[in-house]
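Here the structure is laid out as structure tokens; the discussion comes afterwards.
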Amino acid sequence: MSLRSSRPGSRVGLLLVCAALASCGAPPDYTPVELEAAKAELRDHVRLRTFEAGLPFGEAWVARAPDDAELRALYARQLAGWNLDREIRGQADTILAEDPENPWGLYTRALQSLAGTDWQLAAGPSLRAWETLPHPEFAAAYMQASLVDGIEGGRSFLASLDSDTREASEVLYQQARLEWWAQYELDDPTWADSSLATYATLRERWPDHVAGYLGAAEDLFRGNRAEEAAALIEQALALAPGSVDVRELHWRILFESDLLAADERGPAVEASIAAFQDAGPESIRGLSATASMYRDMEDMERAEELEALVVERAPLSRHASLIYAREYNAESSELNRLYQAEGRDSPEYMAQLEVVRDAVNRFLERPLYSDRQKASAYMRLYFALRDMDPVPSEELAEAVRGLVAHNDLNPHITFGSALIDMAESTPHALEAAEIARNHGLQNAVDRVGMSRRSFDTEGEWEQSLRYYLSIVHDAMGWAYFKAGRVEDGLHSLERSLVLTESNRETRYHLGQVYEHFADRAAENGDAEAAIEWLDRAEDSYIAGLGSTRVGENPSQEAIEALYERRNGSRAGIEEYLATLNERDQIRRRGRILESRVEASGTYEPFRLARLDGSMVDSADLDGKIAVVHFWGTWCGPCIVEMPEYQKFDLRYRNDPEVSVVSISNDTSRDLVEDYLERNDFDFQVLMDDGYVQRAGIGAWPTTWFVDRDGYIQFVKIGNTSKLDEEFAWRVEALRKTDGTR
């Protein structure tokens, strides 16, 4: 099937003629020339990212020319700049009601999905629009939608386009975005340079198009090249001083980078805000963005004043809903603070759980812009309720039902831990099992399937799918067990273990089920069978202890209880547990040494600055065993393991054969210094200057273990609770092999 079919469709032609010539219905109050000028002006707002002015202008023109599909689509593009997917859906419905294959209606339907979270649903309608009426805007929408499945679809489509379409501003912008993603999918950091070159081409051919400046500035700032980003954003400001998109990035560069001294950043942002307010009409989106910036600067009085205006003027808007959510988000942050400071069992923490519950319920009772905004609220509500003592069972069950209805983006919680808590703390265990069976399994397949193209190999994709399916089967099995359907529970738990042997929750749950069967055998007078079941429980708990995931391991307490059950007391338990720890260490060390890279390669050289400004060259690592650790203060898993990383750094700090360095991806040196000081860390930190992108780092944390010849022999992605021990095993393995590959 050709991607460039020119089939117009009879109803499409009729709509366009009626709208343009006013030959249908009452005479319009505009001329065809005025209508075309209005469309051109709407495209100018897209070009300049001035959606705040474009939205009311488009709304007024749609009221004047309601039958013009192209005009409605261009108005929908202004709505997409605000991420107003609900309103875009209304425009798409209106156009497609007249003709389900109207290309402008199909394009608008694609915009609806792109403005929400369902990008995968935008590919079909945008491609059909392009096939019916080849137009650069449709091609760009399809390229954006295709990114959800990786870059290959977009690259193939781009190669099929004629030269005129390829040189259109919208297509060039999407080409640059595609190339930016290619550096990760193809593990080739040079694609970042290709992306910047395409942005440069966009600026050269379309010097008045803001996207060429804004897109490049965003990527440069993300790569810690703030000075270059600032120069481009100044050019964007000259074109569109009233654009929220441009101003928000300008404020971030001024406030978050090291371009200005700390005491100069706030006044610089204030000056930019004043210029923004003078540049164009006041809008709800602009007020909301300005309020967010004041919050970042900790000027709460100004922030709350602006937020009150948003709520007063547009109480049912998307931005108002985000403001309503601030209350429960703030109370949740306070809950986290109390957890860190006082502990989960403290009276302060327990009291705050009720505060969070009440704040979330107030949010859920409000008329919201979209039900999608309930997803995060139900997640916060679930976490608060499950920690209460006693757990309010019916409230918890209702919160889990809310998660299932609105939050399918976190299957490991919604269809994992939430269903387990529902089974354990409410009388609805069987309902939890049926939710897992009827919704959880398919959700896991759908969610992982959506990201299939993002995996380098089919094996990696399958591993991810098996992981999520294992979680759902674990929840299903435990819920069936709690509901009294023991055999069904055993079957599902064993299926979970087949999918992922390292699922520690499954190991614990199976141990509990095996103990249940031991009790049943003992009741029936079969002592031999009871012993066999207890042996199986013990083996399951021991295997569960080998997990390195962060958090309490339920098998630890279970195996101690089992020891006491079998021996009548805790006498000798320390010796028994010591043996288990040794076995666990042997098992983990074996797995780590087996993970050595089969086809090792060298890494991209670097020359990066320490926090004090002095430079470190990767050539300084030649002849040494090097550990290169990539992290950031924004990365939760990185922060969790930092105390262990500090211990590891101290272990090798004075070892002449080993060099340990960390590379922070943070944009501000002040932020890193403050974090280290607050936590009493003093390990060596190098500041990223875009090296992370050049090196192809796409997951956090990532650690390279490099031999004396400069070859990466081990790669650790993700955190570990036993970092010091396990990192040391890798280092010592490289020391023993003397750099041989």
Looking just at side-chain N and O atoms, do Ser243 and Asp245 make a donor-acceptor pair shorter than 3.5 Å?
no

When you compare the side chains of Ser272 and Arg247, does any donor N or O come within less than 3.5 Å of an acceptor on the partner?
yes

A side-chain contact here means heavy atoms from C-beta on lying under 4.5 Å apart; do Arg295 and Glu307 qualify?
yes

From the list Arg43, Gln91, His45, side chain to side chain contact (heavy atoms under 4.5 Å, CB included) partner of Leu74 resolves to Arg43

Smallest separation among heavy atoms of Thr165 and Ala139, with atom names
CG2-CB, 4.3 Å

Check whether Arg166 reaches the backbone of Leu158 with its side chain - one donor and one acceptor, N or O, closer than 3.5 Å.
yes

Could you list the residues that satisfy side-chain contact (heavy atoms from CB on, under 4.5 Å) with Asp93, not counting sequence neighbours?
Arg89, Arg109

Can Glu327 and Arg366 be said to form a salt bridge (charged side-chain N to carboxylate O under 4.0 Å, His left out), step by step?
CA-CA 13 Å; Glu327 180 192 5; Arg366 287 180 178 272; 5.7 Å; no

Just say parallel, tilted or perpendicular for the rings of Phe138 and Tyr107, cut-offs at 30° and 60°.
tilted

Do Tyr468 and His473 touch side chain to side chain, with heavy atoms closer than 4.5 Å?
no

Between the side chains of Gln442 and Asp446, is a donor N or O closer than 3.5 angstrom to an acceptor N or O?
yes

Salt bridge (charged side-chain N to carboxylate O under 4.0 Å, His left out) between Glu131 and Arg128, worked out
CA-CA 5 Å; Glu131 291 172 341; Arg128 298 210 313 275; over 6 Å; no

So, is the end of the Arg177 side chain (NZ or CZ) under 6.0 Å from the ring centre of Trp180 and within 45° of the ring's axis?
no

How are the rings of Trp206 and His209 set to each other: parallel, tilted or perpendicular (split at 30° and 60°)?
perpendicular

Run Asp85 and Arg372 through salt bridge (charged side-chain N to carboxylate O under 4.0 Å, His left out) and show every step you take.
CA-CA 11 Å; Asp85 55 313; Arg372 183 177 288 119; 3.0 Å; yes

Where Ala65 and Tyr30 come nearest, the two heavy atoms and their spacing
CB-OH, 3.3 Å

Closest contact, heavy atoms only, Val310 versus Ser317:
CG1-OG, 4.5 Å

Which atom of Ala375 lies closest to which atom of Leu403, heavy atoms considered
O-CD2, 4.2 Å

Between Tyr369 and Glu87, does any side-chain donor sit less than 3.5 Å from a side-chain acceptor?
yes

Do you see a donor-acceptor pair shorter than 3.5 Å between the side chains of Gln174 and Glu170?
no

Treating Trp82 as the side-chain partner and Phe51 as the backbone partner, does any N or O pair qualify as donor plus acceptor under 3.5 Å?
yes

Any side-chain to backbone donor/acceptor pair from Asn410 onto His412? Under 3.5 Å, distance only.
no

Go through the side-chain N and O atoms of Arg86 and Ser370 and say whether any donor and acceptor fall under 3.5 Å apart.
no

